[in-house]
Asks: 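Quick one: structure below, then a few questions.
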Amino acid sequence: MSRKLIVATGNRGKVKEINAIVAEMGFDVQSLLDLEGAPEIIEDRDTFEGNAAKKAQTVFDVFGVPTLADDSGLVVDALDGAPGVYSARYGGPGLSDIERYEKLLHELRDVPDEQRTARFECALAFVETGTPPRIFRGTIEGKISYSPSGDNGFGYDPVFIPIERQCTMAELSDENKKKISHRGRALRAFEKWLKQTVDQ
Ligand code: ITT
């Protein structure tokens with residue numbers, strides 16, 4: 001019988017990317033988009049790890065099912081690390097993904113190429129019965145483009161050029177994004193740990 005897992009996110013882009021990987025691991029997955037009675041979670045921690053742990057623990061406490069949460073964002077060096085943990089709320093509530101990355105491009109309009117360095121970071125937190133949250137991390141380095149390009153992925157993907165690539169993250173296939181992305185890397189760390197705990 002497959003093992004149940006709740007993916008504690010309501011972000012459709014994340015659900016798609018995470019489900020593709022954890023379903024392959026043999027989990028019977030549900031996200032907050034499938035569940036009624038999901039708690040509201042105030043993301044008030046100042047690190048990706050802190051917010052991921054809070055999301056996973058809060059959802060686990062309500063449903064009692066092993067839970068994986070993702071907190072992630074874009075860290076831009078020329079903006080002293082912004083938007084960082086505020087990536088989903090950058091520019092204020094109610095903006096679309098497009099309005100948010102347009103604001104970012106506007107803020108960086110006078111920043112020269114060599115200073116446009118940035119990275120996506122992801123912290124995954126996994127909670128199951130009787131354990132504190134376990135954290136898995138992933139990062140991808142890159143640069144912010146001057147204009148958006150591509151329509152795959154979500155969020156800031158159209159304006160992020162991964163290091164050693166000539167295109168934005170939104171121009172990569174799902175398969176190629178998974179191989180190099182912050183989330184793909186964190187998920188592989190989670191998978192490795194799971195295999196080790198099963199083998200013990
Ligand atoms: P949940 O809390 O429900 O998971 P959220 O969108 O609010 O959804 P976060 O607080 O972790 O999640 O914010 C992450 C934001 O960072 C996300 O909304 C995107 O704007 C951006 N982001 C994270 N991963 C990304 C990716 O792979 N590609 C593009 N943008 C990404």
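Every number for a ligand or one of its atoms is a count from 1 in the order of the listing.
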Asks: Look at ligand 1 and say whether R89 reaches it with a heavy atom at a distance under 4.0 Å.
Replies: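 R89: no contact with ligand 1 (<4.0 Å).
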
Asks: Considering only non-hydrogen protein atoms, determine which one is nearest to atom 8 (O) of ligand 1 and report residue, atom name and distance to 0.1 Å.
Replies: N11 CB, 3.5 Å

Asks: Do E107 and Y90 make a side-chain contact, defined as non-hydrogen atoms from C-beta onward lying under 4.5 Å apart?
Replies: yes

Asks: Is ligand 1 less than 4.0 angstrom away from at least one heavy atom of K177?
Replies: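 Yes, K177 has a heavy atom closer than 4.0 Å to ligand 1.
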
Asks: Does an N or O anywhere in S72 fall below 3.5 Å from an N or O of ligand 1?
Replies: yes

Asks: Would a hydrophobic clustering, with Ile, Leu, Val, Met, Phe, Trp and Tyr connected at side-chain separations under 4.5 Å, put L172 with I140?
Replies: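 Same cluster: L172 reaches I140 through Ile, Leu, Val, Met, Phe, Trp or Tyr contacts under 4.5 Å.
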
Asks: Within the 3.5 Å criterion, strictly below it, is a donor on T9 or D70 matched to an acceptor on the partner's side chain?
Replies: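 No, D70 and T9 have no side-chain donor paired with an acceptor closer than 3.5 Å.
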
Asks: Go through ligand 1 atom by atom and flag the ones less than 4.0 Å from a non-hydrogen atom of D71.
Replies: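 Near D71, the atoms of ligand 1 are 9 (P), 10 (O), 11 (O).
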
Asks: For atom 7 (O) of ligand 1, find the nearest protein heavy atom and state the residue, atom name and distance (0.1 Å precision).
Replies: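 Going atom by atom, the protein heavy atom closest to atom 7 (O) of ligand 1 ends up being A88 CB, 3.6 Å.
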
Asks: For atom 10 (O) of ligand 1, what's the nearest protein heavy atom and its distance?
Replies: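 Ranking protein heavy atoms by distance from atom 10 (O) of ligand 1, first comes E43 OE1, 2.8 Å.
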
Asks: I'd like to know if H182 contacts ligand 1, where contact means a heavy-atom distance under 4.0 Å to any ligand atom.
Replies: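 Yes, H182 has a heavy atom closer than 4.0 Å to ligand 1.
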
Asks: Would you say L74 and ligand 1 have an N/O pair spaced under 3.5 Å apart?
Replies: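 Among all N and O atoms of L74, none is under 3.5 Å from an N or O of ligand 1.
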
Asks: Looking only at protein heavy atoms, identify the closest one to atom 16 (O) of ligand 1 and say how far it is in Å.
Replies: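 Of the protein heavy atoms, S87 CB, 3.3 Å lies nearest.
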
Asks: Out of curiosity, is S181 lining ligand 1, as in a heavy atom under 4.0 Å away?
Replies: no

Asks: What atoms in ligand 1 come closer than 4.0 Å to a heavy atom of G155?
Replies: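 Contacts of ligand 1 toward G155, numbered from 1: 29 (C), 30 (N).
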
Asks: Would you kindly say whether D174 and N152 are connected by a side-chain donor-acceptor distance under 3.5 Å?
Replies: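 Distance-only check passes for D174 and N152.
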
Asks: Note the single closest protein heavy atom to atom 1 (P) of ligand 1, along with its residue, its atom name and the distance in Å.
Replies: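 Sorting protein heavy atoms by distance from atom 1 (P) of ligand 1 puts T9 OG1, 3.4 Å first.
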
Asks: Under 4.0 Å from any heavy atom of G10, which atoms of ligand 1 are there?
Replies: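 Checking each atom against G10, I get 3 (O).
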
Asks: Any atoms of ligand 1 less than 4.0 Å from a non-hydrogen atom of D70? List them with their elements.
Replies: 4 (O), 11 (O)

Asks: Answer yes or no for G73: is there a heavy-atom contact with ligand 1 below 4.0 Å?
Replies: yes

Asks: So, are D71 and R45 salt-bridged, with charged N and O less than 4.0 Å apart?
Replies: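 Judged by the 4.0 Å cut-off on N to carboxylate O distance, D71 and R45 do not form a salt bridge.
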
Asks: For R100 and G155, indicate whether the former's side chain and the latter's backbone hold a donor-acceptor pair under 3.5 Å.
Replies: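 Such a contact is absent between R100 side chain and G155 backbone.
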
